[in-house]
Amino acid sequence: MFSSAAQGRRSHSLPPVPLLPIRRERGGGGEKPYSCSICGKGFASSSNLIKHKRIHTGEKPFSCSTCGKSFTNTSDLVKHERVHTGEKPFCCSECGKYFLCSSNLAAHQRRHTGEKPYSCFECGKRFISSSHLVIHQRTHTGEKPYSCPTCGKCFTNASDLSKHQRLHREEKPYSCVNCEKSFKSTSDLAKHKIVHTKERPYACKQCGKCFTNPSYLIKHGKMYAGEKPNSCPDCGVSFTRSSNLKAHQRTHTGEKPYTCPLCIKCFSNTEHFLQHQKSHFKSDPLICVECGKNFPYKSHLLRHQKIHMEERPFSCLDCGKSFKLNSNLLSHQRIHTGKKPFSCSDCGKCFISKSELVKHRRIHTGEKPYPCLECGRCFSRVSNLIDHNKIHTGEKPHCCSECGKCFRRHSNLLSHQKTHTIDKVYACQECSTCFLTNSELLKHQKTHSEGNTISPQTMVTVM
């Protein structure tokens with residue numbers, strides 16, 4: 001039946017369409033006696049031919065009284081009007097979901113049955129609807145028939161074009177009934193609704209972990225499969241997700257596209273950016289129960305707590321050395337491979353880890369971000385600050401097992417222990433006098449050439 005809107009918007013009678021009858025008497029063999037004079041396609045009835053001819057002429061005589069959108073036939077108009085009325089008369093008996101038209105219901109029901117009757121001739125992939133197959137086939141042909149009139153960008157299907165055009169119009173027609181937040185597409189709205197329902201319907205069969213989105217579950221499953229298809233061309237590190245690879249590549253390029261609007265600090269990935277923003281509003285720090293150290297983020301605390309654990313689950317296949325963190329293992333393995341993927345842009349020196357590069361860069365910048373709370377002296381490395389703090393506390397944790405003398409630094413203990421072994425390994429080339437340490441040798445050599453620079457060739461190590 002025609003809707004009242006459809007009947008009221010016909011502006012004129014349709015022009016006569018030439019019909020080419022092939023056979024007037026219809027038998028039981030499914031004859032199509034009416035053929036299109038433009039493309040030759042056959043039809044069983046003249047009304048179907050008339051509808052088809054509008055594809056070539058572009059005629060859309062049936063208009064929506066609400067938004068003015070036009071259609072080639074009344075059935076499409078009726079379906080469209082349900083968008084405005086909210087009517088969804090077709091219900092799925094399996095899950096109770098409603099649909100605007102019977103064809104959408106039929107395609108949906110195949111999700112429950114698993115039926116995929118439409119197959120791609122190129123790759124064999126199967127689909128639940130013919131429209132999905134048509135869109136998929138364009139990935140093989142490269143066809144993108146839908147172009148944006150504003151910027152010229154092309155798309156394989158009309159829905160992607162509609163979503164894209166909302167970027168230009170800044171249109172967000174889909175609103176959440178709980179918080180009134182608006183979105184550009186129904187899929188974005190559906191993802192957002194899970195924030196209110198706390199629903200995580202997609203569960204991992206391996207560990208039981210649940211996810212809000214099926215794509216997250218697929219990415220999570222790659223962890224168990226050991227699949228890491230995304231490799232860095234600079235250092236060879238592989239990732240399960242392409243987004244993680246992009247974030248990693250910024251460690252090589254130095255790009256930091258995310259800027260904090262409160263303090264102008266820049267970050268290379270969104271995770272660190274979002275964690276940093278919480279530091280402006282977070283009042284209660286997270287405290288390690290083992291050593292009392294404070295952390296602004298839970299992830300940093302969990303990473304730190306592994307230091308106190310005796311377990312070292314990550315082992316090097318080359319030398320057998322074990323590590324508490326996988327990132328430490330990856331840095332260690334570069335010692336065996338000789339890879340130094342992190343290079344200084346000022347002097348070209350290369351390093352096996354990003355942290356070593358960051359420490360080295362402070363030589364050029366003069367940055368000393370670690371201040372002593374007692375005297376205000378600043379240091380470029382936190383390890384230097386820890387050593388310095390022992391001057392104020394009087395702590396000397398490194399003790400000699402021979403005489404009991406204690407030292408602030410382990411390196412000082414090693415130098416002292418040589419006095420017990422009587423090994424004087426540093427010899428002067430001028431007079432053959434031997435010394436325990438290289439620093440003592442350098443002081444002695446100045447007596448031979450006062451005021452001159454000591455050449456490394458004048459130092460001899462006695463084995």
Side-chain angles (χ1 to χ4, degrees), residues 1-3 5-7 9-64 67-83 99-108 110 115-150 152-165:
M1 294 180 64
F2 291 158
S3 68
Q7 292 174 344
R9 297 301 293 262
R10 290 192 183 187
S11 57
H12 56 274
S13 60
L14 300 178
V17 179
L19 307 180
L20 300 179
I22 298 175
R23 187 181 296 170
R24 286 295 181 184
E25 294 89 9
R26 295 187 194 174
E31 293 87 349
K32 297 181 179 179
Y34 301 95
S35 71
C36 175
S37 59
I38 298 174
C39 66
K41 190 174 182 179
F43 297 88
S45 65
S46 59
S47 61
N48 289 342
L49 175 60
I50 291 171
K51 293 175 184 178
H52 166 78
K53 290 284 286 183
R54 293 181 187 134
I55 296 173
H56 301 298
T57 62
E59 182 187 6
K60 294 183 178 181
F62 306 101
S63 299
C64 174
C67 65
K69 191 174 183 179
S70 300
F71 300 88
T72 56
N73 57 68
T74 54
S75 61
D76 289 341
L77 173 61
V78 170
K79 293 175 187 176
H80 166 79
E81 285 178 330
R82 292 177 184 144
V83 174
F99 297 88
L100 294 172
C101 58
S102 58
S103 59
N104 291 349
L105 171 61
H108 165 78
R110 295 188 188 115
E115 181 188 4
K116 294 183 178 181
Y118 303 97
S119 176
C120 175
F121 292 109
E122 294 286 339
C123 63
K125 192 173 183 179
R126 305 186 72 85
F127 299 88
I128 60 174
S129 68
S130 59
S131 59
H132 290 172
L133 172 61
V134 170
I135 294 170
H136 164 78
Q137 286 175 325
R138 292 178 185 140
T139 62
H140 299 297
T141 62
E143 181 187 6
K144 293 184 178 181
Y146 303 96
S147 62
C148 175
T150 305
K153 190 174 182 179
C154 296
F155 301 87
T156 56
N157 59 72
S159 61
D160 287 346
L161 172 60
S162 298
K163 292 175 185 176
H164 167 78
Q165 287 178 317

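Since we're looking at a predicted model, the values are computed, not measured.
- Residues Lys53 and Ser37 approach most closely at NZ-OG, 3.1 Å, considering heavy atoms.
- Closest approach of Arg138 and Asn157 over heavy atoms only: NH1-CA, 4.0 Å.
- Here the CG atom belonging to Asn73 is positioned 10.5 Å from the OG atom belonging to Ser47, to the nearest 0.5 angstrom.
- Atom CD1 of Ile50 and atom OG of Ser45 lie 8.5 Å apart (nearest 0.5 Å).
- Considering NZ of Lys116 and CZ of Arg110, their distance stands at 12.0 Å, rounded to 0.5 Å.
- We find the NE2-CG distance between His164 and Asp160 to be 10.5 Å, quoted to the nearest 0.5 Å.
- Closest non-hydrogen pair, Cys36 versus Cys39, comes out as SG-N, 3.5 Å.
- Tested against His56, the residues Glu59, Arg54, His52 include a single side-chain hydrogen bond (donor to acceptor under 3.5 Å, both in side chains) partner, His52.
- Residue pairs meeting the ring pair (Phe, Tyr, Trp, His ring centres under 6.0 Å) criterion with at least one partner in residues 116-135, sequence neighbours excluded, are Phe127-His136.
- Across all non-hydrogen atoms, the minimal contact from Ser147 to Gly152 is CB-O, 4.4 Å.
- Residues Leu161 and Tyr146 share a closest heavy-atom pair of CD2-CB, 3.8 Å.
- Note: Lys51 NZ to Ser46 OG = 10.5 Å, rounded to the nearest 0.5 Å.
- The distance from atom CZ of Arg126 to atom SG of Cys120, rounded to the nearest 0.5 Å, is 10.5 Å.
- Inter-residue side-chain proximity for Gln137 and Leu133 is flagged as met; some heavy-atom pair is nearer than 4.5 Å.
- The shortest heavy-atom contact between Thr74 and Phe62 is CG2-CE2, 3.3 Å.
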Practice prompt. Check the pair Val83, Leu100 against side chain to side chain contact (heavy atoms under 4.5 Å, CB included), reporting the backbone distance first and the verdict last.
Written response: CA-CA 8 Å; Val83 174; Leu100 294 172; 4.0 Å; yes

